[in-house]
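Reviewing the structure listed below.
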Amino acid sequence: MQEDDLRGLIGRVKNGSMSRRAFFRRMAAVGFTAPMATQLLAMTGAANAQSSAASVPAYGGTRRGGGGHLKILYWQASTLLNPHFAAGTTNQDASRVFYEPLAGWSADGTLQPILAAEIPSIENGGLAQDGRSVTWKLKRGVKWHDGQDFSADDVVFNWEYARSPQVATVTAGSYRDVNVVKVDDFTVRVEFPAPTPFWADAFVGSIGMIIPRHLFRDFAGANSRDAPTNIRPVGTGAYRLQSFAPGDLLRAELNPNYHMNNRPFFDSMEIKGGGDAASAARAVLQTADFDYAWNLQVEDAILQRLEAAGRGRVNVIDGGNIEFVQLNAADPNREVEGERAHPNSRHPAFQDPAVRQAMALLIDRQALTQHIYGRGGPATPNFLNNPPRFRSPNMRMEFSVERANQILDQAGWVRGSDGIRAKDGVRLRFVFQTSVNSPRQRTQAIYKQAAQRAGIDLELKSVVASVFFSSDVANPDTYIKFWADMQMYTTTMPQADPQRFMNQYVSWEMAQRSNSWQGRNIVRWKNDEYDAAFRAADAELDPVKRAALFIRMNDLIVGSNHVIPLVMRPTVSGSVNNLRHVLSGWDQTMWMIQDWWRQT
C-alpha cells in the first residue's frame, strides 16, 4: 500500500466517512493485522483505539473467592520475584502474579488498563500531538499487599530504579532515555527526547510491572540484589505471597483488598516448577492433576495423543516469539580485560562470514516443523515475524550440506585427518548449548549430524532450564553470559510492536560484566547501520517508513548469520477443560491472572 493511500484511509476514519470496522477489513486485505491497524489509528489520533473491552473475554466470576485452588505447572521453575531482574520468562511470569503494570497487551494487540484509570489517547489528552509525551492517569484506591497506598510516587520510583546503572536491571532499556514527571498523586507524565511512535513501553506489560517504593527505596543502589522483597514480593496483584521456594514451588492466596470487583475467583494458587515439558503436558492433558501447563515444547504428535484423553486442550496463541540459534560474535574461550566473551574480542571462527553462512545452511528448518514442532513451530527465515507488516520478504530458508561444503572449501577451511576443518590453527569445533528440553535436544542432534557432513564438529551441551535461564551472575552456564560458541533458545516478544524486541542487537545493549550481563545484546554483535536504523525507527511517526526500518534491521542481523531463525514459537500451553483463562501472545501468561476462573 502506498503512503498516500494509507494516509487517505486514516483521514477518512478521522472525518467519519469510514468506519473502524471497514478500515480494519481494508488493512487486513493488504497484510496489516488488527494490532497494527489499531496502532496506526492511535498514533495518528484517528480513534481511541488502543483500548478495547471486547479484546478480553468476559469474566465469569460472580464474587471474590470461593473458587478453590488453582494448580499451575511450569517445567522451568522461577528463581526470583523482582520483575526488574527477571531475565527469563518464568521469573517474569511469577512476578506478574504479584506485581502489575499500568496496562497490559491483549491477544489482539490492544492495551488493557490495569493500574491505569484509562488508556492514553489524543482524544483524552493523554498523548501529545507532537509524540513527545504520554500522560498516565492512575487508578485510585489501589493498595499494596501490606496496606500502603499506591500512588504516582511508586511509578516515578520505578523509573529511577530501573534506569540506575548501580541497580543494573534488565528493564533499563525502556527507562534509560525517558523522563518521568509526577503531575499529582495520581498522574504521571512520560517525556521523550524526540517524537516517539511507540509510547506504550515504560510501565506497560512485562516491562512495566511496578514495585513498591516504600520497600525498595533502601535497596536502590549497589545493594539492590540484597533486598528481601526480591523473593518476598509485596505487590498490588490479585494474589499475595504465601511461600516461595526458588527453583521449586510458589504459593499465593487471594488478596481480599484487590482493586477489581469480584476478583480473583480462586482462593489460592500455586506454580510448581521443575520436571520437563512432556511430563507437564501429561499432568494436565492426560491425568488432570494440574489445571494449566506452561510452554509445552513437546513434539506435536505427542500433544495430539494426550489431547485424545479428553481431559484437557492445547492452546496455541500467535505472537512474535522465535526459536533461534546464536553464533557468538565474541570469543568465549579467551579473556579480554579479565572477561570471557568480552565485546571487544572476536570469535576466531565466526568472524569469517563463510563459516557463519555455512552454519545457516546446515539446519533443515522445514524438517523441524514437520517432525518436531508441528502447529507449535512454523519454520521461518526471519527473526522478526509479527505483526505481519514488519515481516521481511527478503530472507530465504535453504538447507544444503553441499553448498556449505563448497563455501568452506572456497574460504580455505581444509579438512584434517579427523575430518574436522581448520584454517590458520583454528578448528571448526564448537560448543553448542541450550536448555534441557526434548525438541531442543532433537534439534541439536539434527544440526550436529549435518555439520559433521560439512567437516564441523558440534559438542552438544544441555543445561537444566532453571540454570540456563537464571539471572544468577555467578553462574557460568546462563544464556545471558553466553560462554559457548553457539546457543539456542526462544526469545519472547512481549509487545505488539518491535521496538523493544529489536533492541537485542543495538551496540549499547551488549551483555557484559559492567552491566552484570543484563544487556539484551547477548550475541555481542555490532553494526553501525543497524544502530542508525533503530534510532531512526525510535522517532519515526510515519508507520510505513517505520515498518521499512524494522524490516531492514531484520535483514541486517539475519543476513549476518550471527542469528539463525529456526521456527516461530506461538505460545503453546495446556489446560483442563473447565478452566477459563485469558491468554495473550503479546504479554506474560499471568497478565490477567485475576480473570481466570473455573466453569462448573
Counting only N and O atoms by type, is there a donor-acceptor contact under 3.5 Å from the side chain of [X] to the main-chain atoms of [Y]?
{"X": "K481", "Y": "V473", "answer": "yes"}
{"X": "R569", "Y": "G376", "answer": "yes"}
{"X": "Q487", "Y": "Y479", "answer": "yes"}
{"X": "D587", "Y": "G205", "answer": "no"}
{"X": "K448", "Y": "L458", "answer": "yes"}
{"X": "H145", "Y": "G235", "answer": "yes"}
{"X": "N577", "Y": "G310", "answer": "yes"}
{"X": "S584", "Y": "S106", "answer": "yes"}
{"X": "N255", "Y": "G237", "answer": "yes"}
{"X": "Y99", "Y": "G208", "answer": "no"}

*Heavy-atom count around R232 CZ within 6.0 Å, excluding the residue itself: above 12?*
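It does not: R232 CZ has 12 such atoms or fewer within range.
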_Crowding at CD, E398 (>12 non-hydrogen neighbours, <6.0 Å)_ =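 Yes, CD of E398 has more than 12 neighbouring heavy atoms, counting only those of other groups under 6.0 Å.
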_Aromatic plane relationship, W144 with F150 - under 30° parallel, 30 to 60° tilted, over 60° perpendicular_ =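 Answer is perpendicular, since the angle exceeds 60°.
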Just how far is it from atom [atom1] of [X] to atom [atom2] of [Y], taken to the nearest 0.5 Å?
{"X": "I72", "Y": "H581", "atom1": "CD1", "atom2": "NE2", "answer": "10.0 Å"}
{"X": "Q504", "Y": "N521", "atom1": "CD", "atom2": "CG", "answer": "8.5 Å"}
{"X": "L80", "Y": "S470", "atom1": "CG", "atom2": "OG", "answer": "7.5 Å"}
{"X": "R64", "Y": "Q594", "atom1": "CZ", "atom2": "CD", "answer": "11.0 Å"}
{"X": "S392", "Y": "N382", "atom1": "OG", "atom2": "CG", "answer": "5.0 Å"}
{"X": "I211", "Y": "N230", "atom1": "CD1", "atom2": "CG", "answer": "8.0 Å"}

*So F324 and Y489, side-chain contact (heavy atoms from CB on, under 4.5 Å) or not? Walk me through it.*
CA-CA 6 Å; F324 69 122; Y489 61 96; 3.8 Å; yes
Quick one: closest heavy-atom pair of [X] and [Y], and the distance?
{"X": "N386", "Y": "G319", "value": "ND2-O, 2.7 Å"}
{"X": "W75", "Y": "A280", "value": "CD1-CB, 4.3 Å"}
{"X": "Q112", "Y": "V56", "value": "OE1-CG2, 3.5 Å"}
{"X": "N321", "Y": "M493", "value": "OD1-N, 2.9 Å"}
{"X": "P381", "Y": "P565", "value": "O-CG, 3.5 Å"}
{"X": "P378", "Y": "P570", "value": "CD-CD, 4.0 Å"}

*Check the pair H562 / N328 against side chain to side chain donor-acceptor pair (under 3.5 Å), numbers first and verdict last.*
CA-CA 7 Å; H562 275 292; N328 210 333; over 6 Å; no
Using a strict 4.0 Å threshold on nitrogen-to-oxygen distance, state whether [X] and [Y] make a salt bridge.
{"X": "D201", "Y": "R500", "value": "no"}
{"X": "K71", "Y": "D289", "value": "no"}
{"X": "E323", "Y": "R440", "value": "yes"}

Minimum side-chain heavy-atom gap [X]-[Y] below 4.5 Å:
{"X": "R240", "Y": "E253", "value": "yes"}
{"X": "S243", "Y": "R251", "value": "yes"}
{"X": "L249", "Y": "I271", "value": "no"}
{"X": "L111", "Y": "V204", "value": "yes"}
{"X": "T89", "Y": "Q588", "value": "yes"}
{"X": "R311", "Y": "V576", "value": "no"}
{"X": "D291", "Y": "V284", "value": "no"}

No-hydrogen, no-angle side-chain donor-acceptor test under 3.5 Å, [X] and [Y]:
{"X": "N503", "Y": "R520", "answer": "yes"}
{"X": "Y373", "Y": "Q297", "answer": "no"}
{"X": "D300", "Y": "Q304", "answer": "yes"}
{"X": "N315", "Y": "S575", "answer": "yes"}
{"X": "T434", "Y": "Q444", "answer": "no"}
{"X": "S279", "Y": "D276", "answer": "yes"}
{"X": "E270", "Y": "H69", "answer": "yes"}
{"X": "Q441", "Y": "S462", "answer": "yes"}

*State whether F85 and R225 meet the cation-pi test: NZ (Lys) or CZ (Arg) under 6.0 Å from the six-membered ring centroid, and within 45° of the perpendicular axis.*
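Flagged: R225 positioned over aromatic ring of F85.
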*Please test L362 against R453 for side-chain contact (heavy atoms from CB on, under 4.5 Å), starting from the C-alpha separation and ending with a verdict.*
CA-CA 9 Å; L362 292 171; R453 293 163 58 195; over 6 Å; no
_Set out, in order, the CA-CA distance, both residues' side-chain angles and the distance that settles side-chain contact (heavy atoms from CB on, under 4.5 Å) for F501 and T491, then state yes or no._
CA-CA 9 Å; F501 185 70; T491 190; 3.8 Å; yes
*Under the side chain to side chain donor-acceptor pair (under 3.5 Å) criterion, do H259 and E100 qualify, and how do the steps go?*
CA-CA 11 Å; H259 57 87; E100 298 178 303; 2.8 Å; yes
*Assert yes or no for the condition that the ring centre distance of Y59 to F265 is strictly below 6.0 Å.*
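No, too far apart.
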*Please say which of Y239, Y292, F266 ends up in a ring pair (Phe, Tyr, Trp, His ring centres under 6.0 Å) with W596.*
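For W596, the ring pair (Phe, Tyr, Trp, His ring centres under 6.0 Å) check succeeds only for Y292.
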*Show your working on side chain to side chain donor-acceptor pair (under 3.5 Å) between S435 and N437 and close with a plain yes or no.*
CA-CA 6 Å; S435 65; N437 168 263; 5.6 Å; no
*Only one of R313, R282, R375 clears salt bridge (Lys or Arg N to Asp or Glu O under 4.0 Å) with E307; which?*
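Testing each of R313, R282, R375 against E307, the sole residue satisfying salt bridge (Lys or Arg N to Asp or Glu O under 4.0 Å) is R375.
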*Decide yes or no on side chain to side chain donor-acceptor pair (under 3.5 Å) for R580 and Q599, but give the supporting numbers first.*
CA-CA 7 Å; R580 299 294 176 261; Q599 189 171 40; 2.6 Å; yes
_Trace of the side-chain contact (heavy atoms from CB on, under 4.5 Å) decision for I456 with M359_ = CA-CA 9 Å; I456 300 171; M359 294 306 303; 3.6 Å; yes
*asked:* Using the side chain to side chain contact (heavy atoms under 4.5 Å, CB included) definition, which of the options T369, T443, T490 pairs with L566?
replied: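 That would be T443.
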